[in-house]
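Everything below concerns the one structure shown next.
Small disclaimer: the values here were computed from a predicted structure and weren't measured.
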Amino acid sequence: MPCAMTGRSPDITPPLTTCFEHALSRLPNGYVSGRFAGRPWSLTTKRSPDGKRIWLYGEERGGTEIVSFNLYRLSTDAMVLKPCEMSSAKVIDFVLRFEPLSD
């Protein structure tokens, strides 16, 4: 799996960035339910009209886990990931492995 993450904290390398961006682009705007690590999750994603900001908030249904971040695109080649009180590794792992459920 070329986009799989290891158990260690990732370095943000171009291949990982590309995989992360691809996985994030597949998430729909608005609300979606899905699974992460075999558990049910609710996820809301909002994108700014100009595409320069993405906000994501997810919570484990029936559990206590959350994931939340803002992503800012500074240019076509640069972006800044701002996790909300969690590691970048947790955010990246979540986006790469979250599986939306089709309704």
Gap between atom NZ of K46 and atom CG of N29 - 0.5 Å precision: 9.5 Å

Grab the two heavy atoms, one from [X] and one from [Y], that are nearest each other, plus how far apart they are.
| X | Y | value |
| --- | --- | --- |
| F20 | L81 | CZ-CD1, 4.2 Å |
| K52 | D50 | N-OD1, 3.0 Å |
| V32 | P100 | CG2-CB, 3.9 Å |
| S68 | V91 | O-CG2, 4.2 Å |
| W41 | E59 | CE3-C, 3.2 Å |

Just to verify, what does E60 make a salt bridge (charged side-chain N to carboxylate O under 4.0 Å, His left out) with, not counting sequence neighbours?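 Once residues adjacent in sequence are excluded, the partners of E60 under the salt bridge (charged side-chain N to carboxylate O under 4.0 Å, His left out) criterion are R39.
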
Indicate yes or no: at least one non-hydrogen side-chain atom of [X] is less than 4.5 angstrom from one of [Y].
| X | Y | value |
| --- | --- | --- |
| I54 | Y72 | no |
| S87 | K90 | yes |
| L101 | R35 | yes |
| L43 | F36 | no |
| L24 | H22 | no |
| S42 | Y31 | yes |
| R61 | S33 | yes |

Under 4.5 Å between side-chain heavy atoms, counting indirect links through other Ile/Leu/Val/Met/Phe/Trp/Tyr residues: same cluster for V95 and M86 or not?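 Cluster IDs for V95 and M86 match.
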
Among the clusters formed by ILVMFWY side chains lying less than 4.5 Å apart, do V67 and Y57 turn up in the same one? yes

Sequence-distant partners of R97, side chain to side chain donor-acceptor pair (under 3.5 Å), two or more places apart: D93

Run through I66, L56, N70 and flag the one making a side-chain contact (heavy atoms from CB on, under 4.5 Å) with C84. N70

Between R26 and E21, is a salt bridge (charged side-chain N to carboxylate O under 4.0 Å, His left out) present by the stated rule, with each step listed? CA-CA 9 Å; R26 294 178 52 211; E21 286 184 285; over 6 Å; no

Ring centres under 6.0 angstrom apart (W55, F69):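 They do not qualify: ring centres at least 6.0 Å apart.
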
